[in-house]
Amino acid sequence: MILGSLPFLSYLKIIRRLDICYDEQVSYFVKIATISSLFACFWLYKNVDLGVSLSFRCSTFTITSLIMSTGYAICNHIDWSFISVLAFFLTFVGGCSGSSSGGVKIFRLIVLLRSIRNYFYLLLNPDADNGVKFNGKTLENDEIHSVFIFFAIFMLTFTISSIVMSYLSNADFITSVSSVSATLTNSGPGFSNLIGPSGNYSSFSNEVKLFLSFLMLLGRLEILPIYFCIGSLFLFNREK
């Protein structure tokens, strides 16, 4: 699962015996997955009577599976409040850019957070010349702009889709929101009893299943190509 969430170019670097840790997104991805798994393990050991070995196995597998969009489960994590909340937000993080995982991707989150930091830094130091860097390279404004555009469209799609899902399925809040997040990020199970690790999506109507299938396609192709195609069709029909 971890290998599937690394950039495919990293495999070539490993074969050529190059240090893939020089790629910042790989380094941050490993840190996020490791720290999140350890936090989840500690919470399970402290609050649920599972023992050290089982706590480590359940927390590591659950966090790894959800953040890396594989959809596997070995335990019903929706009964564990902290892990459910942590895993829900980690599904949006996803893996590295250039990998098979879903979500926003580590690369975009790094650029987004560094851009915000850089903005406040320039407010306090107007004369400073401090660009946003990634892997030692200063990013162009167009590259930063594209990251913000993607993030805004992703969150707008998630918000509108959650409202549409609630209208079509008449499901509760958690089911509606987590079903959209699970399909849009391709993470698999949701975070309610109906669509969690012990449930499935079979009880939804055909219309809802088609809508969720569209969201899976949208998330897998990273949203923008689908919107470009839809927009091009509308423009083509309008010109006719």
Side-chain angles (χ1 to χ4, degrees), residues 3-14 16 18-33 67-69 89-163 180-181 183-187 214-239:
L3 288 177
S5 298
L6 299 179
F8 294 133
L9 289 177
S10 297
Y11 302 155
L12 296 177
K13 293 181 179 179
I14 293 173
R16 296 179 62 184
L18 299 176
D19 190 356
I20 62 172
C21 291
Y22 284 119
D23 190 339
E24 287 187 271
Q25 66 172 336
V26 173
S27 177
Y28 276 97
F29 170 73
V30 172
K31 289 176 183 177
I32 290 173
I67 194 175
M68 298 165 195
S69 309
F89 288 105
L90 286 177
T91 58
F92 287 94
V93 175
C96 299
S97 181
S99 71
S100 61
S101 62
V104 176
K105 302 290 175 52
I106 297 289
F107 161 73
R108 293 190 181 97
L109 288 176
I110 293 174
V111 174
L112 183 72
L113 294 175
R114 287 183 178 177
S115 299
I116 294 173
R117 183 189 65 182
N118 187 61
Y119 174 78
F120 285 105
Y121 179 82
L122 292 177
L123 285 179
L124 298 174
N125 304 276
D127 298 328
D129 183 16
N130 187 36
V132 178
K133 293 184 178 181
F134 182 78
N135 282 342
K137 172 191 172 185
T138 301
L139 300 178
E140 300 290 338
N141 289 332
D142 289 342
E143 295 175 301
I144 299 172
H145 183 69
S146 66
V147 170
F148 274 86
I149 290 295
F150 177 88
F151 186 78
I153 293 177
F154 188 96
M155 297 311 299
L156 184 63
T157 300
F158 169 71
T159 303
I160 295 175
S161 298
S162 297
I163 297 172
V180 170
S181 70
T183 50
L184 192 59
T185 62
N186 298 119
S187 58
F214 172 73
L215 290 181
M216 285 190 280
L217 180 64
L218 200 65
R220 177 55 63 189
L221 297 179
E222 299 203 344
I223 295 179
L224 296 182
I226 299 295
Y227 285 157
F228 284 145
C229 292
I230 295 174
S232 298
L233 288 175
F234 276 112
L235 290 175
F236 178 76
N237 291 330
R238 182 175 295 181
E239 288 176 359

Residues that L123 engages under side-chain contact (heavy atoms from CB on, under 4.5 Å), provided they are two or more places apart = Y119, F120
Under the salt bridge (Lys or Arg N to Asp or Glu O under 4.0 Å) rule, what pairs show up with a residue in residues 226-235, not counting sequence neighbours?
-> none
For Y227, side-chain hydrogen bond (donor to acceptor under 3.5 Å, both in side chains) partners two or more places apart | T157
Name all pairs fulfilling the salt bridge (Lys or Arg N to Asp or Glu O under 4.0 Å) condition that reach into residues 147-157, sequence neighbours left out, sorted by first residue then second.
-> none
In chain order, what residues pass the side-chain contact (heavy atoms from CB on, under 4.5 Å) check against N125, with sequence neighbours excluded?
-> Y121, A128
Non-neighbouring partners of E140 that pass salt bridge (Lys or Arg N to Asp or Glu O under 4.0 Å), sequence neighbours left out | none
Write out all pairs satisfying ring pair (Phe, Tyr, Trp, His ring centres under 6.0 Å) with one or both partners inside residues 92-116, taking only residues at least two apart or from two chains.
-> F88-F92, F92-F158, F107-F134
With sequence neighbours left out, what residues match S69 under side-chain hydrogen bond (donor to acceptor under 3.5 Å, both in side chains)?
-> none
Is the closest side-chain heavy-atom distance between F150 and V104 below 4.5 Å?
-> yes
For L113, which residues count as a side-chain contact (heavy atoms from CB on, under 4.5 Å) partner, sequence neighbours excluded?
-> none
Listed partners of T91 passing side-chain hydrogen bond (donor to acceptor under 3.5 Å, both in side chains), at least two apart = none
For T185, side-chain hydrogen bond (donor to acceptor under 3.5 Å, both in side chains) partners two or more places apart | S187
Pairs in or reaching into residues 222-232: which pass salt bridge (Lys or Arg N to Asp or Glu O under 4.0 Å), with residues at least two apart or in two chains?
-> K105-E222, R108-E222
